[in-house]
Amino acid sequence: MRYALPALLFVLAAAACAPLPRPEPYTQSYDMWLGRSVDAGDGIDKDEASIIAYAFYASGASDCGSPLEPRLTDDDWISNTLTDSGKPGDPIYIDAKTGEVSCGDAVLSLDELRRFERKTD
């Protein structure tokens with residue numbers, strides 16, 4: 001009992017001097033977002049198009065900007081975007097039948113977007 005307090009103080013002091021663990025870079029999977037929410041088997045509805053557009057934006061696959069509410073035109077959902085500075089960016093296109101998503105030069109099928117892994121710092 002006599003040595004309990006000094007031992008406890010020693011353990012606390014040693015723990016305070018130990019370096020904090022550095023977080024390791026991790027990957028983010030977009031399947032968790034798309035998972036059960038998006039099923040291209042019956043076509044893509046507005047809610048699914050919105051989820052796809054946001055997952056595409058968050059993946060960093062392109063520099064199109066943050067997606068706005070999608071609207072249906074012919075066979076595509078189109079989501080206009082805003083850049084970080086608040087200016088209009090390139091629109092994100094989502095195929096209303098397959099869920100394929102594109103913006104600028106970046107094109108991903110729904111399955112590719114599900115498997116896309118963004119390396120984060």
Side-chain angles (χ1 to χ4, degrees):
M1 195 58 134
R2 179 174 169 195
Y3 298 105
L5 183 58
L8 177 63
L9 291 175
F10 176 76
V11 169
L12 290 175
C17 294
L20 295 174
R22 294 189 70 199
E24 298 205 16
Y26 66 94
T27 59
Q28 184 170 355
S29 169
Y30 295 92
D31 187 42
M32 67 179 188
W33 289 5
L34 302 170
R36 297 182 189 145
S37 302
V38 177
D39 178 16
D42 59 350
I44 302 297
D45 64 25
K46 186 175 186 174
D47 290 336
E48 291 171 323
S50 184
I51 292 168
I52 292 169
Y54 191 77
F56 183 74
Y57 161 70
S59 74
S62 75
D63 295 329
C64 292
S66 180
L68 302 174
E69 187 173 333
R71 68 184 189 290
L72 185 61
T73 59
D74 298 325
D75 293 331
D76 288 323
W77 288 99
I78 299 176
S79 179
N80 289 324
T81 62
L82 291 177
T83 63
D84 291 341
S85 63
K87 296 180 180 174
D90 292 334
I92 296 174
Y93 296 92
I94 300 123
D95 186 288
K97 293 178 185 154
T98 65
E100 180 180 82
V101 60
S102 63
C103 183
D105 294 336
V107 179
L108 294 175
S109 72
L110 190 54
D111 287 336
E112 288 171 329
L113 184 58
R114 286 182 195 281
R115 292 189 308 267
F116 191 88
E117 290 188 351
R118 178 180 184 179
K119 305 263 189 257
T120 59
D121 298 336

Output for pair (Ser62 OG, Tyr57 OH), nearest 0.5 Å, gives 10.0 Å
Tightest non-hydrogen contact, residues Pro67 and Ile92, listed as CB-CD1, 4.1 Å
Those residues at least two apart in sequence (or on a different chain) that pass side chain to side chain contact (heavy atoms under 4.5 Å, CB included) with Leu108 are Phe56, Ala61, Val101, Glu112, Leu113, Phe116
On a heavy-atom basis, the closest approach of Ala40 and Thr98 is CB-O, 3.6 Å
Residues pairing under salt bridge (Lys or Arg N to Asp or Glu O under 4.0 Å) where one sits in residues 78-107, two or more places apart or in two chains, turn out to be none
Value for OG (Ser50) from CG (Asp45), rounded to nearest 0.5 Å, stands at 10.0 Å
Exercise. Distance-only, no hydrogens or angles: does the Asp76 side chain make a donor-acceptor pair with backbone N or O of Ile78 under 3.5 Å?
Worked result: no
Check your understanding: Do Asn80 and Pro91 have side-chain heavy atoms sitting under 4.5 Å apart?
Key -> yes
Sorted by chain and residue number, the side chain to side chain contact (heavy atoms under 4.5 Å, CB included) partners of Ser102 (sequence neighbours excluded) come out as Tyr93, Val107
Across all chains, not counting sequence neighbours, the side chain to side chain donor-acceptor pair (under 3.5 Å) partners of Thr73 are none
So the salt bridge (Lys or Arg N to Asp or Glu O under 4.0 Å) pairs with at least one residue in residues 52-62 (sequence neighbours excluded) are none
Disulfide (SG to SG under 2.5 Å) pairs touching residues 49-90, sequence neighbours excluded, are Cys64-Cys103
Those residues at least two apart in sequence (or on a different chain) that pass salt bridge (Lys or Arg N to Asp or Glu O under 4.0 Å) with Lys46 are Glu69
By side chain to side chain contact (heavy atoms under 4.5 Å, CB included), Leu72 pairs with (sequence neighbours left out) Trp77, Ala96
Practice problem: Ignoring hydrogens and angles, tell me if any N or O in the side chain of Ser79 forms a donor-acceptor pair with the backbone of Leu68 under 3.5 Å. | Solution: yes
Sorted by chain and number, sequence neighbours left out, side chain to side chain contact (heavy atoms under 4.5 Å, CB included) with Asp63 holds for none
Rounding to 0.5 Å, atoms CD1 (Ile44) and CD1 (Ile52) come to a distance of 4.0 Å
